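Every value quoted in this text rests on a predicted model; they were computed, and no experiment measured them. Quick note on labels: first sequence line is chain A, next is B, and so on, each numbered from 1.
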There are 2 protein chains.
Amino acid sequence: MKATRNTAAKTAVLEVFEKSKTALSHTEIHKQLNDLCDRVTIYRILDRLINEDVIHKISNLDGTVKYAKCNHAHQRVHIHNHAHFSCENCHEITCLENVKPSYIMPHNYKVNEINFTLSGLCPNCLNSNI
Amino acid sequence: MKATRNTAAKTAVLEVFEKSKTALSHTEIHKQLNDLCDRVTIYRILDRLINEDVIHKISNLDGTVKYAKCNHAHQRVHIHNHAHFSCENCHEITCLENVKPSYIMPHNYKVNEINFTLSGLCPNCLNSNI
DNA sequence: TTATCAATTGCAACATTGTTGCGTTTAATT
DNA sequence: AATTAAACGCAACAATGTTGCAATTGATAA
């Protein structure tokens, strides 16, 4: 495994994640960093953070991709088997750490990873719609 | 609701879906149609078919988007709550019509749609890996 | 059958998202 | 302080998806 370094850009990206309660797209991160570093650099930092298991990638029903900090609190071996909620109104994506699907697979499949995304209205938008 | 028409391009796209056992990307459809129609037209046909509930959209963990025919056999009200399997080796996506997750949501969320994708090795690739 | 008209298409142009190569800079180590 | 590989910026490119508009065409009614 290659050694990874702590650079100004990487630290800044981590701070953005720290501040955010919801998952972020590459574009959202880029805007928040305000040209502190190049667009390409952010892609590379995101790749590295995924490899380091610091963040995880979420792909939404509409094809958009977002990233969120991992919550390692209770797991040694880290599997992202929690659900995500994607609001159709405000387009925010949040992790539902406690929602875990149960399911029965046919044998002869080997499951390595699961992606469980629910979409609809989040509590905020549900309230303001009444 | 607008009236929709049966055009040569739409019919051709439907035939491609009919022949395929797995979900298809826009690019895959485009190649199979062999310049029968424009790239943009395919995007528009896919949009229409989704609105008509003839196909559904599947977005994969890696951010790729595919489409598959809906199987309406048993449902009046059509909800795509079945799972999809995405093979990490051959990148084929198949519908697992019978795999339905059960889960418990926090109240104050309104769930309209779910996207449940499992990835790993499909039966084909699992066998050839032994 | 023909006229009508909105749905559909093709084309061109553009926007967004993600990738790659390469020379330069920089963090961590000796 | 010297070393060196990781990380960076820049430029160029590829893939994917969108929009506007004029031309075409499928479905309907006359």
Side-chain angles (χ1 to χ4, degrees), chain A residues 1-17 23-68 86 88 91-93 115 117, chain B residues 1-17 23-68 86 88 91-93 115 117:
Chain A
M1 210 191 311
K2 283 204 272 185
T4 83
R5 294 178 183 176
N6 294 319
T7 63
K10 185 178 166 186
T11 308
V13 169
L14 279 175
E15 269 171 26
V16 171
F17 276 116
L24 299 166
S25 68
H26 171 274
T27 309
E28 287 164 340
I29 297 166
H30 186 48
K31 278 179 193 157
Q32 287 201 38
L33 289 186
N34 220 56
D35 284 318
L36 177 123
C37 68
D38 195 73
R39 215 168 56 84
V40 177
T41 300
I42 298 177
Y43 278 115
R44 298 200 259 230
I45 290 172
L46 291 172
D47 283 347
R48 253 179 292 150
L49 290 177
I50 288 173
N51 277 327
E52 295 170 16
D53 250 352
V54 176
I55 62 172
H56 58 281
K57 192 171 177 175
I58 308 158
S59 80
N60 201 13
L61 256 186
D62 61 13
T64 58
V65 173
K66 299 212 175 190
Y67 306 84
S86 161
E88 289 165 359
H91 297 103
E92 281 195 351
I93 294 184
N115 174 26
T117 308
Chain B
M1 212 191 308
K2 282 203 270 185
T4 83
R5 294 178 183 176
N6 293 321
T7 65
K10 185 179 167 186
T11 308
V13 169
L14 279 176
E15 271 171 25
V16 171
F17 276 116
L24 299 165
S25 67
H26 170 273
T27 309
E28 287 164 340
I29 296 166
H30 186 48
K31 278 179 192 160
Q32 287 201 38
L33 289 187
N34 220 56
D35 284 318
L36 178 123
C37 68
D38 195 73
R39 214 166 57 82
V40 177
T41 301
I42 298 177
Y43 278 115
R44 298 200 259 228
I45 290 174
L46 291 172
D47 283 348
R48 253 180 291 150
L49 290 176
I50 289 173
N51 276 327
E52 295 169 15
D53 250 352
V54 176
I55 62 173
H56 59 281
K57 191 172 178 175
I58 308 159
S59 79
N60 200 14
L61 256 186
D62 61 14
T64 58
V65 173
K66 300 213 174 189
Y67 306 85
S86 161
E88 290 166 357
H91 296 103
E92 281 194 350
I93 295 184
N115 174 25
T117 308

| If an axis is fit to five pairs at each end of the helix from C/dT1-D/dA30 to C/dT30-D/dA1, what is the angle between the two, to the nearest 10°? |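 Between the first-five-pair axis and the last-five-pair axis there is 30°.
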| Do the side chain of A/T117 and the main chain of B/N115 share a donor and acceptor less than 3.5 angstrom apart? | no
| Quick one: does A/H26's side chain have a donor or acceptor within less than 3.5 Å of a partner on A/R39's backbone? |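 Yes, the answer is positive, given that a donor and an acceptor are paired below the 3.5 Å cut-off.
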| note | On a heavy-atom basis, the closest approach of A/Y67 and A/F17 is O-CE2, 3.3 Å
| Can you name the nearest heavy-atom pair linking B/D38 to B/V40, along with the distance? | OD2-N, 3.0 Å
Quick one: [X] [atom1] to [N] [atom2], roughly how many Å, whole number?
X     : N      : atom1 : atom2 : result
A/N60 : C/dT17 : CG    : P     : 13 Å
B/K66 : D/dG17 : NZ    : C1'   : 17 Å
B/R48 : C/dA6  : CZ    : P     : 17 Å
B/I50 : D/dG17 : CD1   : C1'   : 13 Å
B/I29 : D/dG17 : CD1   : P     : 11 Å
B/H30 : D/dT16 : NE2   : P     : 11 Å
A/L24 : C/dT17 : CG    : C1'   : 16 Å
B/K10 : C/dA7  : NZ    : P     : 13 Å

| Does A/T64 have any side-chain hydrogen bond (donor to acceptor under 3.5 Å, both in side chains) partners at least two apart in sequence or in another chain, and if so, which? | A/D62
| Is there a side-chain contact between B/L49 and B/K10, using heavy atoms and a 4.5 Å cut-off? | yes
| With sequence neighbours excluded, what pairs up with A/K57 under the salt bridge (Lys or Arg N to Asp or Glu O under 4.0 Å) test? | none
| field | Contact state string [nucleotides 25-30 of chain C, B base, S sugar-phosphate only, - no protein heavy atom under 4.0 Å] | value | -BBS--
Please report the interatomic distance [atom1]([X]) to [atom2]([Y]), rounded to the nearest 0.5 Å.
X     : Y     : atom1 : atom2 : value
A/D47 : A/E52 : CG    : CD    : 11.0 Å
A/T7  : A/R48 : OG1   : CZ    : 5.5 Å
B/K66 : B/I55 : NZ    : CD1   : 13.5 Å

Can you give me every donor-acceptor pair (side chain of residues 28-37 of chain B, partner residue at least two apart or in another chain, under 3.5 Å) with its distance?
| from | atom 1 | to | atom 2 | distance (Å) |
| --- | --- | --- | --- | --- |
| B/E28 | OE1 | B/S25 | N | 2.7 |
| B/E28 | OE1 | B/S25 | OG | 3.4 |

| request: Considering just the side-chain nitrogens and oxygens of A/T27, establish if one lies under 4.0 Å of OP1 or OP2 belonging to C/dT16. | output: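 No.
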| said: Within residues 35-45 of chain A, which residues have any heavy atom lying less than 4.0 Å from an atom of DNA chain C? | reply: A/R39, A/V40, A/Y43, A/R44
